[in-house]
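All heavy atoms count here, side chains included; hydrogens, waters and symmetry mates do not.
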Amino acid sequence: MNILCVGAGLSGAVIARKLAEAGHSVTVMDERDHIAGNCHTERDAETGVLVHVYGPHIFHTDDEEVWSYVNSYERFRPYKNQVKTTSQGQVFSLPVNLHTINQYFGKTMGPDEARQFLQQERADTSIEHPKTFEEQALRFVGPELYEAFFKGYTVKQWGLHPSQLPASILKRLPVRFSYDDNYFFHKYQGMPENGYTNMVANILDHAKIDLRLGTKFVRDQAADYEHVFYSGPLDGWFDYSLGHLGYRTLDFERFTYDGDYQGCAVMNYGDEEVPYTRITEHKHFAPWESHEASVCYREFSRQCTPDDIPYYPIRQVQEKALLAQYVELAKNVQNTTFVGRLGTYRYLDMDITIREALDVATHFTKEQTAPPFLHS
């Protein structure tokens with residue numbers, strides 16, 4: 001078949017490769033001038049540092065097949081995400097762990113003591129059924145840790161007070177009663193040695209894939225193909241006829257530094273009066289490399305406008321209602337499958353994005369068709 005993949009990020013690239021290997025002719029179209037979407041990486045000409053252009057992406061998964069897949073296109077080096085946060089004039093370790101608790105309260109508690117201390121002396125046990133993010137945090141960790149590590153950062157990241165966000169965001173106790181400061185729990189964690197863009201280039205390197213960058217997709221073009229896999233914004237397919245789905249976007253204030261600026265890859269800023277959410281120092285995302293100078297990003301979060309790059313789906317009550325309307329419209333679109341973070345309006349980690357792309361492509365090779373949504 002003659003197939004079109006709209007978007008040269010992870011979804012489009014993985015689907016295109018699997019279908020090309022099955023004998024289909026695949027056109028991959030992206031309006032940007034580079035591949036790999038928001039996980040695009042490039043060498044900084046001035047410092048030689050490998051920069052995560054749209055903010056840091058750290059690969060972590062429990063899916064052995066996905067881990068094998070990415071390693072077949074790029075060597076992944078071990079990488080542990082150890083986040084720090086500056087709050088109330090001190091630097092602490094995240095996620096909140098035994099070291100964080102002992103440091104904050106000036107104590108030397110063991111795991112059981114710390115658990116009992118929070119539950120009996122700090123947690124607000126009067127909140128029996130937390131309904132909001134704020135209530136959930138107060139119920140679990142009490143006011144001090146909530147103020148220091150959750151409140152300010154959340155306000156800056158989402159533009160909403162935690163009392164306006166659902167408790168489900170804090171699905172489980174956001175505290176570890178050990179000294180484990182690895183941000184992720186997953187079995188496989190790493191960074192591509194030569195960057196994500198190199199990995200995606202290798203995925204797209206197939207004789208039956210025609211890559212077209214700097215090319216904006218127009219819906220009428222779908223008629224030229226037997227099937228379309230669309231990883232652009234779901235509302236964009238319909239020319240935003242019902243309104244725009246809400247996203248948060250990011251602004252980056254880039255600066256260089258001669259030396260080591262902060263001594264870690266990610267430093268969060270929990271105080272609400274600090275306008276940025278974090279500073280990322282990109283050479284620390286590739287600790288096997290050595291660079292004298294450094295490239296850093298101050299990261300600011302705000303409401304996404306139609307001219308911005310959408311990052312995080314908001315998915316509040318209003319957005320979910322609008323999403324449901326767009327999903328109903330999409331179900332009537334013939335020979336088109338909506339995929340990825342933007343196409344399904346969900347926050348997706350990279351491993352889930354790849355897993356779903358593999359599943360969609362496998363379904364298509366077996367059935368010679370695919371529904372508008374295989375995942376939603």
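Between the side chain of Asn182 and the backbone N or O of Lys80, no donor-acceptor pair lies under 3.5 Å. A donor-acceptor contact shorter than 3.5 Å links the side chain of Arg17 to the backbone of Asp205. The backbone N or O of Ser93 sits less than 3.5 Å from a side-chain atom of Thr100, completing a donor-acceptor pair. Without hydrogens or angle criteria, Thr41 side chain to Leu50 main chain gives no donor-acceptor distance under 3.5 Å. Side-chain atoms of Arg254 do not come within 3.5 Å of backbone N or O of Val295 as any donor-acceptor pair. Side-chain atoms of Glu367 never come within 3.5 Å of backbone atoms of His363 as a donor-acceptor pair (strictly under, hydrogens ignored).
Two residues are said to be in side-chain contact when any heavy atoms from C-beta on lie closer than 4.5 Å; Glu193 and Asn198 fail this criterion.
Residue pairs meeting the ring pair (Phe, Tyr, Trp, His ring centres under 6.0 Å) criterion with at least one member in residues 317-337, sequence neighbours excluded: Phe238-Tyr326. For residues 314-325, no pair satisfies side-chain hydrogen bond (donor to acceptor under 3.5 Å, both in side chains), with sequence neighbours left out. Sorted by first and then second residue, the pairs that involve residues 52-64 and meet side-chain hydrogen bond (donor to acceptor under 3.5 Å, both in side chains), not counting sequence neighbours, are His34-Tyr54, His60-His186, Thr61-Asp351, Asp63-Arg355. Residue pairs that meet the side-chain hydrogen bond (donor to acceptor under 3.5 Å, both in side chains) test with at least one member in residues 227-238, sequence neighbours left out, are His227-Thr337. Residue pairs meeting the salt bridge (Lys or Arg N to Asp or Glu O under 4.0 Å) criterion with at least one member in residues 236-245, sequence neighbours excluded: Arg219-Asp239.
A salt bridge is absent between Arg176 and Asp181: the closest approach of a Lys/Arg side-chain nitrogen to an acidic carboxylate oxygen does not fall below 4.0 angstrom. Using a 4.0 Å cut-off between a side-chain N of Lys or Arg and a carboxylate O of Asp or Glu, Lys151 and Glu147 qualify as a salt bridge. Glu21 and Lys18 are not joined by a salt bridge, as no carboxylate oxygen comes within less than 4.0 angstrom of a charged side-chain nitrogen.
Considering only residues two or more places apart in sequence or on other chains, Arg298 meets the salt bridge (charged side-chain N to carboxylate O under 4.0 Å, His left out) condition with Glu253. Residues meeting the side-chain hydrogen bond (donor to acceptor under 3.5 Å, both in side chains) test with Thr215, sequence neighbours left out: none. Shown here are the side-chain hydrogen bond (donor to acceptor under 3.5 Å, both in side chains) partners of Lys107, two or more places apart in sequence or in another chain: there are none. Among residues two or more places apart in sequence or in another chain, the side-chain hydrogen bond (donor to acceptor under 3.5 Å, both in side chains) test is passed with Gln157 by none. Annotation: side-chain hydrogen bond (donor to acceptor under 3.5 Å, both in side chains) contacts of His24 (sequence neighbours excluded): none.
No side-chain donor from either of Asn335 and Glu226 sits under 3.5 Å from a side-chain acceptor of the other.
Taking both residues in full, the closest heavy atoms of Tyr196 and Gly190 are given as OH-O, 4.4 Å, listed atom of the first, atom of the second, then distance.
Ring pair Phe117/Phe105: centre-to-centre distance below 6.0 Å. Between Tyr247 and Tyr345, the distance from one ring center to the other falls under 6.0 angstrom.
Applying the 4.5 Å side-chain rule to ILVMFWY residues, one finds Ile352 in the same cluster as Leu348. Apart from Tyr257 itself, the hydrophobic cluster it occupies contains Val91, Phe255, Tyr261, Met267, Tyr269, Val274, Tyr276, Ile279, Phe300, where clustering links Ile, Leu, Val, Met, Phe, Trp and Tyr at side-chain heavy-atom distances under 4.5 Å.
By the 6.0 Å contact criterion, OH on Tyr312 is enclosed, its count of non-hydrogen atoms from other residues, nucleotides or ligands being greater than 12.
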